[in-house]
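Questions regarding the structure given below will be posed in turn.
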Amino acid sequence: MDLKQELNTTQYEAVTTTEGPVLVIAGAGSGKTRVIEYRVLHLIQNNIDPSSILLLTFTRRAAREMLFRASRHNTQCQDVDGGTFHSFAYRMLRKYSQSIGLSPSFSILDEGDSEEAIQRASSKHGVYEEKPGEKKRFPKKDTLKSIFSAVINKGFSVAETLNREYPHFLKFSPEIEKIRIGYEEYKKAKGYLDYDDLLIYLKSLLSDETTNEKISRRYRYIMVDEYQDTNRLQGEIVFALGSRHNNVMAVGDDAQSIYGFRGATHENIMRFPKEFPGCKIITLEKNYRSLQGILDVANPILENMEKKYPKRLISTQEFGGGRPIMNYFANAYDEAEWIAGTIRGFLAKGFPPDEIAVLYRASHLSIPLQAELAKNGVDFRVFGGLRFYELAHTKDVMAYLKIIANHKDELAWHRVLTMAEGIGPATADKIIEEINSGADMGTAMARVLGKYGAGHKYSAELKKLITFLNAASDKKHGIEEQLSLVIGYYTPIMEEKFDDWPQRATDLEALERLITHYHSLKEFLADLAIEPPEKRGIDFKTEDKSVTLSTIHSAKGLEWGTVFIIALADGYLPSQFALRDSAELEEEQRLLYVAVTRAKDNLWLSLPMETERADLPRVNKLCRFLAAPNVLGKISEMGGNY
DNA sequence: TGAGGTGGGTTTTTT
DNA sequence: ACCCACCTCA
């Protein structure tokens with residue numbers, strides 16, 4: 001393949017500079033994934049071992065896209081290693097955990113598990129106990145989790161974090177700090193790693209000289225996409241990975257930085273040339289994606305920002321394309337109905353469904369649309385929001401599997417025990433204490449049965465559960481069989497627990513199909529936490545082409561011929577939570593910029609006028625970033641639907 | 001004391 | 001849809 005024909009001059013330079021540090025600053029749609037794609041190809045054509053190339057990025061979708069595109073041209077590219085920082089961390093830790101004194105039998109806590117663990121850790125500190133005369137407006141577990149996560153990802157203390165983000169909880173600073181330490185100790189004692197720990201342990205793995213040398217010898221070419229979305233910790237990981245050979249390429253666009261809320265910082269881009277002296281900086285400005293009509297809206301959105309981004313995207317397309325169209329509707333249901341009808345019309349005319357996407361700020365905004373699309377018989381896939389593994393019934397089934405994989409997983413036991421009739425949180429804790437004192441599954445279970453197997457109202461139920469878990473743990477079963485045993489046991493519980501159990505039963509079948517790709521329960525459970533299928537139905541039928549529904553965050557790095565952006569009201573975008581802080585507000589503005597630049601040919605904007613929410617004004621106002629005259633002037637407004 | 005049901009309040013974005 | 005505080009019943 002002649003690279004010079006496939007790439008423009010700057011892209012070519014980025015692709016062929018294979019030795020030494022390179023920083024690529026790339027505008028939206030300027031072909032940065034293309035650069036990574038062809039650089040991998042170029043390296044392999046120059047006899048570089050594909051398994052010595054490592055591609056890293058922050059989101060799973062971007063990681064998948066990157067690896068998929070790279071492997072299109074040359075099958076050897078399939079051996080290129082890569083994924084999210086978290087999945088890479090997991091693999092390295094599995095391999096080298098001993099070198100930092102971490103037990104190799106650690107298990108991963110997903111977000112929900114972490115919150116449970118925090119609650120368990122905090123109850124031991126008695127913070128939730130009511131003191132007389134003191135009303136407890138104490139942060140809830142999910143808030144605690146995000147405080148602790150900010151402490152790690154942004155590098156602030158608990159007090160500083162509270163001061164910046166939760167000033168109303170500042171008075172609880174000492175208690176919260178106590179819980180944080182309790183949570184850390186709890187995880188250490190139980191061998192649990194949460195998402196943040198994966199990165200922390202990876203970093204300490206890389207600061208171990210011997211391990212760093214081993215890893216650096218294996219991965220000689222590092223490429224990081226969406227570098228503006230990495231946080232300090234991830235930046236340090238990149239520096240540590242590249243410190244020995246300096247063959248690191250980072251690709252990013254600070255105008256598309258939308259993960260500030262979790263600690264991503266554009267400082268990583270600024271720091272990169274300092275960490276890697278002699279770094280070559282390449283800027284890509286030509287837009288290959290969108291028609292000029294779309295860029296005419298995107299450019300002023302950038303220009304209106306206080307922080308200046310010097311890029312102005314120029315379309316390379318021959319035809320200008322029409323202006324994006326703004327539609328107003330009475331409410332979200334009218335909006336959904338119209339969009340679903342329009343999409344059905346496009347499909348009827350032969351538009352490929354995988355070239356159509358609907359984007360929105362928050363996942364719940366897609367619910368009316370999901371209903372309308374289903375009514376219209378349009379197949380769609382949903383990205384972002386609640387994930388498959390976070391559904392209550394999936395988590396239930398996984399809890400049984402976690403016990404089978406590790407009989408001391410006390411969070412899993414807690415969930416499983418409280419599902420049994422007559423056992424609530426208090427009894428579950430007593431039983432768990434007994435389990436913890438047994439050295440192996442067999443003795444632990446025997447002790448539990450000895451103590452609670454008779455004489456309580458729940459004894460029969462407990463006996464049934466223990467007998468089942470013992471039988472299902474038998475090594476003679478394959479993992480597929482173990483899963484179907486668990487589902488068999490759980491199904492009556494599910495039918496009791498949920499009115500809509502038939503729908504949930506389908507999800508469990510999907511789980512059965514998914515597990516066939518795995519060899520061990522441990523691997524299956526870890527993957528479900530770190531690289532899970534996106535949502536119901538998704539990934540189980542990837543060959544199907546369907547319309548995409550996605551949060552703007554999850555849409556980054558992707559493109560479609562026709563894009564609808566819905567719910568463009570102040571309060572939704574920008575989110576009402578971002579209104580108080582100018583930095584957060586700018587992030588919302590960049591978010592709109594990202595959304596607009598996803599479109600290649602057609603862009604439809606829309607706004608429902610009526611709010612359902614009591615905390616917003618009754619009549620919506622157009623998103624302030626679109627209402628700016630230099631932006632609005634580039635949009636055709638259609639009032640007719642309202 | 002603890003299990004389990006009910007009703008009221010809330011819900012951003014990702015790993 | 002989920003979480004939590006509160007209530008009732010054994």
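By convention in this document, chain letters (A, B, ...) are assigned in the order of the sequence lines, proteins followed by strands, and residues within each chain are numbered from 1.
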For this session: Could you check which of dT11(B), dT13(B), dA1(C) has an atom nearest any side-chain atom of Phe577(A)?
Result: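 Among dT11(B), dT13(B), dA1(C), the one nearest the side chain of Phe577(A) is dT11(B).
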Exercise. Does a nitrogen or oxygen in the side chain of Ser363(A) sit under 4.0 Å from OP1 or OP2 of dT11(B)?
Worked result: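 Answer is no, no contact under 4.0 Å.
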Exercise. Could you give the distance from OG (Ser606(A)) to CG (Leu568(A)), rounded to the nearest 0.5 Å?
Worked result: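 Ser606(A) atom OG to Leu568(A) atom CG measures 6.5 Å (nearest 0.5 Å).
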Exercise. Hey, would you say the Phe261(A) and His553(A) ring centroids sit under 6.0 Å apart?
Worked result: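 Yes, the ring centres sit under 6.0 Å apart.
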Exercise. Choosing from dT14(B), dG4(B), dG2(B), which nucleotide comes nearest the side chain of Thr427(A)?
Worked result: dG2(B)
Strictly under 3.5 Å: I want the nitrogen or oxygen pairs between protein and nucleotides 7-9 of chain C, one per line.
none

For this session: Check the distance between dT14(B)'s C1' and Gln234(A)'s CD and give it to me in whole angstrom.
Result: 10 Å
Problem set entry | For atom CG of Leu591(A) and atom P of dT14(B), their distance in whole Å |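 To the nearest whole Å, that distance equals 10 Å.
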Problem set entry | Nearest to side-chain heavy atoms of Gln119(A), which nucleotide of dC4(C), dT14(B), dT15(B) |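 So the nucleotide nearest the side chain must be dC4(C).
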Exercise. What residues, two or more places apart in sequence or in another chain, satisfy side chain to side chain donor-acceptor pair (under 3.5 Å) together with Glu236(A)?
Worked result: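 With sequence neighbours excluded, Glu236(A) shows a side chain to side chain donor-acceptor pair (under 3.5 Å) to Lys203(A), given in chain and number order.
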Exercise. Rounded to whole angstrom units, what separation is found between the NE2 atom of His553(A) and the P atom of dT15(B)?
Worked result: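 Going from His553(A) (NE2) to dT15(B) (P), I get 11 Å.
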For this session: Take Ala362(A) and Pro425(A), find for each the nucleotide of DNA chain B with the closest heavy atom, and name the residue whose nucleotide sits nearer the 5' end.
Result: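 Of the two residues, Pro425(A) wins.
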Problem set entry | Qualifying residues under side chain to side chain donor-acceptor pair (under 3.5 Å), relative to Lys463(A), sequence neighbours excluded | none
Exercise. The side chain of Ala392(A) lies closest to which of these nucleotides: dG2(B), dT15(B), dC2(C)?
Worked result: dC2(C)
For this session: Decide yes or no for Leu549(A) and Leu373(A): does some side-chain heavy atom of the first lie under 4.5 Å from some side-chain heavy atom of the second?
Result: yes
Exercise. Hey, does the side chain of Lys141(A) come within less than 4.0 Å of dC4(C)'s phosphate (OP1/OP2), counting only N and O?
Worked result: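 Affirmative; the distance criterion is met.
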Seminar exercise, completed: The salt bridge (Lys or Arg N to Asp or Glu O under 4.0 Å) partners of Glu116(A) (sequence neighbours excluded) come to Lys141(A)
Exercise. Just how far is it from atom CG of Leu193(A) to atom CG of Asp113(A), taken to the nearest 0.5 Å?
Worked result: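 If we round to the nearest 0.5 Å, Leu193(A):CG and Asp113(A):CG are 12.5 Å apart.
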Exercise. Touch check for Ile423(A), heavy atoms < 4.0 angstrom, all strands: base, sugar-phosphate only, or nothing?
Worked result: sugar-phosphate
Problem set entry | Integer-rounded Å distance: dT11(B) C1' and Tyr572(A) OH | 12 Å
Exercise. NZ of Lys497(A) versus C1' of dA1(C): gap in Å, rounded?
Worked result: 13 Å
Exercise. Rounded to the Å, how far apart are Leu198(A) CG and dT14(B) P?
Worked result: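 It works out to 18 Å between those atoms.
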For this session: Starting from P on dA1(C), measure out to NE2 on His393(A) and report it in whole angstrom.
Result: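 After rounding, the reported distance stands at 11 Å.
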Exercise. Do Lys621(A) and Asp570(A) sit within salt-bridge range, that is, some charged N less than 4.0 Å from a carboxylate O?
Worked result: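 Between Asp570(A) and Lys621(A) there is no salt bridge, as every charged N stays at least 4.0 Å from the carboxylate O atoms.
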Problem set entry | Distance, rounded to the nearest Å, where Glu587(A) contributes CD and dT14(B) contributes P |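 After rounding, the reported distance stands at 12 Å.
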Problem set entry | Toward the 5' end of DNA chain B, by each residue's nearest nucleotide, Lys457(A) or Glu588(A) |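 Between the two, 5'-proximity favours Lys457(A).
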For this session: For Asn153(A), check side chain to side chain donor-acceptor pair (under 3.5 Å) against everything at least two apart and list the hits.
Result: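 If we apply the side chain to side chain donor-acceptor pair (under 3.5 Å) test to Asn153(A), skipping adjacent residues, the hits are Ser149(A), Asp196(A), Asn231(A).
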Exercise. Are any of Thr84(A)'s side-chain N or O atoms less than 4.0 Å away from OP1 or OP2 of dT14(B)?
Worked result: no
Problem set entry | Closest to the Lys140(A) side chain, choosing from dC2(C), dT14(B), dC4(C) | dC4(C)
Exercise. Base, sugar-phosphate alone, or nothing: which one does Phe261(A) contact when heavy atoms must sit under 4.0 Å apart?
Worked result: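 Base contact.
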Protein N or O to nucleotides 5-9 of chain B N or O, pairs below 3.5 Å:
none

Exercise. Are any of the side-chain heavy atoms of Leu528(A) and Leu514(A) separated by less than 4.5 Å?
Worked result: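 Yes; the side chains approach each other to less than 4.5 Å.
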